[in-house]
Structures are given as structure tokens and as C-alpha cells.
Amino acid sequence: MVNFSGIKAVIFDIDGTLMDSVGRIIMTMQLSFRELGIPEPDAAAVKNVIGLSLKEAAEKLLPEAVPDVRLALVAAYRKNYTLLEDREPTELFRDAVPFLRELRTRGFHVGLATGKSRKGCRRVLEGYGLSQYVDVSVAGDEFPSKPAPDMLWAAAGMLGLPAASCLMAGDSELDLMMAERAGMPGAGVLTGVHDRERLASCHPIVIAENLTELRKLLLGE
């Protein structure tokens, strides 16, 4: 039985955790490579950079490219992602809002720690009505990229809580490595980029199939 005693806040990743956006990210990245006339990465390569800031993702995907090419990739990705989202917004997982709502009802604090830019994070908060449930958010262009612990230390600090009293929920190694480095318990969810074995290597206190299972484990239902 997992012991969640002492947990006063849950800090969520967005892509692949709250939002079913992994496919959209892969499509956008591959489209952006094609527009620049660069051989596109496969889906697995793109999955492994989800959660990084765009700048860091471009460096990982184009390690030998000159800086101007990486900057062009970042610009193309931002343009294409916005166009695709404007045309057909990505959906949240159906259990995301009910979980956030219940956490707040039960007296937990709620945070976001995302590789998205502040602009992208704001778009999610405002566009999906999440602002009413989220106490704090930290974005990928404000702190060193995951898996550096800075984002989680900042979020915990803004909540006035020690890292050990917060739970980081994420779908990738980056999320759970960040939690481990921050001294924060981590919870993996299998709705995004990495499988159970990859997540387990980062020593989370629990791995759940989805947010519904994590809700039941955390809230004792």
C-alpha cells in the first residue's frame, strides 16, 4: 500500500499527463522538420524530448546543427503548433478536470510544472478553464529544463511547502527524474511517452495506469 501521508500538494506535468497531446507534439515536430528540409526524427526521438523547453528539445534533436537552424526549428514549431491548436484544440484527458476539482475540494494545493513556455502554459490554464483549480504554475522558459529540480523547488516554495510534502505527477522519465533530484515523491502515469519500466527506473512511489487510478490511490477510494 502506497503511503501518501504528509502530501499537501500535487504538481502535474501537462503534456501526456493532463493533456492527450503527445500525438500532436510528434506531428508538429515532424512537420516543422519537413518545412525546413531536414530529415524528420522518428516518433520515439520526439517522445524523448517532450517535457524539455523548445530550445533544449531543438538541441537534443539537432545536436550538430548551427544555432540558426535550431532557432528556425523553434520558430517553425511554435507557428505550426499554434495553427494546429487553433484549428482543432488538443483535448484534456477526461479524468483531468474531475481530479483537479476533487483535489481542491479535499484541501490539496495544485500546481503545474511544464516544459511549455509561459505563453503555452497560460493558453492551457485559460483555454481549458484550469485557472480556478491551479494555485501555482512554472514554465519551461522560466527555469532550467527538466530534469533539473529548479521548477519543482520554485513551485513548492510558492506554495510555502517543503518538496517532500508535494507529489509530482508525470508521464515521462524527465518528470520523475526531476522529482527525484528535487527530493519530491513522484507518481508516474502511463498515459504519455514512457512505459512502466522506464518510469520505474526513476523510483517513483507509485505508477498508475491513468489519472483515475492515481486519484483512487491518493484519495483512498
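We number each residue from 1, following the sequence as shown. Since we're looking at a predicted model, the values are computed, not measured.
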Validation row, ring centre Phe99 to ring centre Phe12 under 6.0 Å: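 Centroid distance Phe99-Phe12: below 6.0 Å, so yes.
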May I ask you to say whether Asp141 pairs ionically with Lys55, meaning some side-chain N is under 4.0 Å from a carboxylate O?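 No, this pair does not count.
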Is it true that Lys60 and Glu56 make a salt bridge, defined as a side-chain N closer than 4.0 Å to a carboxylate O?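 Between Glu56 and Lys60 there is no salt bridge, as every charged N stays at least 4.0 Å from the carboxylate O atoms.
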What I want to check is whether the side chains of [X] and [Y] have a donor and an acceptor closer together than 3.5 Å.
X	Y	value
Glu126	Ser131	no
Thr17	Asp171	yes
Asn210	Arg94	no
His194	Glu173	no

How about Glu88 and Arg24: do any of their side-chain heavy atoms sit closer than 4.5 Å?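 Yes, close enough: below the 4.5 Å cut-off.
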Student check: side-chain heavy atoms of Glu40 and Glu35 closer than 4.5 Å: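 With C-beta onward as the side chain, the pair stays apart.
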Using a cut-off of 6.0 Å, state whether more than 12 heavy atoms not belonging to Glu197 lie near its atom CD.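 Counting other residues, nucleotides and ligands, CD of Glu197 stays at 12 neighbours or fewer.
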Tell me who clusters with Leu62, hydrophobic residues only, linked when side chains sit under 4.5 Å apart either directly or through other members.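 Leu62 clusters with Val22, Ile25, Ile26, Met29, Phe33, Leu36, Ile38, Val46, Val49, Ile50, Leu52, Leu54, Leu61, Val66, Val69, Leu73, Val74, Tyr77, Tyr81, Leu174, Val193.
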Indicate yes or no for a side-chain donor-acceptor contact from [X] to the backbone of [Y] under 3.5 Å, with no hydrogens or angles considered.
X	Y	answer
Thr191	Gly16	yes
Trp153	Ala182	yes
Lys146	Met151	no

Of Arg122, Arg118, Lys119, which is the lone residue that meets salt bridge (Lys or Arg N to Asp or Glu O under 4.0 Å) with Glu142?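 So, applying the salt bridge (Lys or Arg N to Asp or Glu O under 4.0 Å) to Glu142 and each of Arg122, Arg118, Lys119, only Arg118 qualifies.
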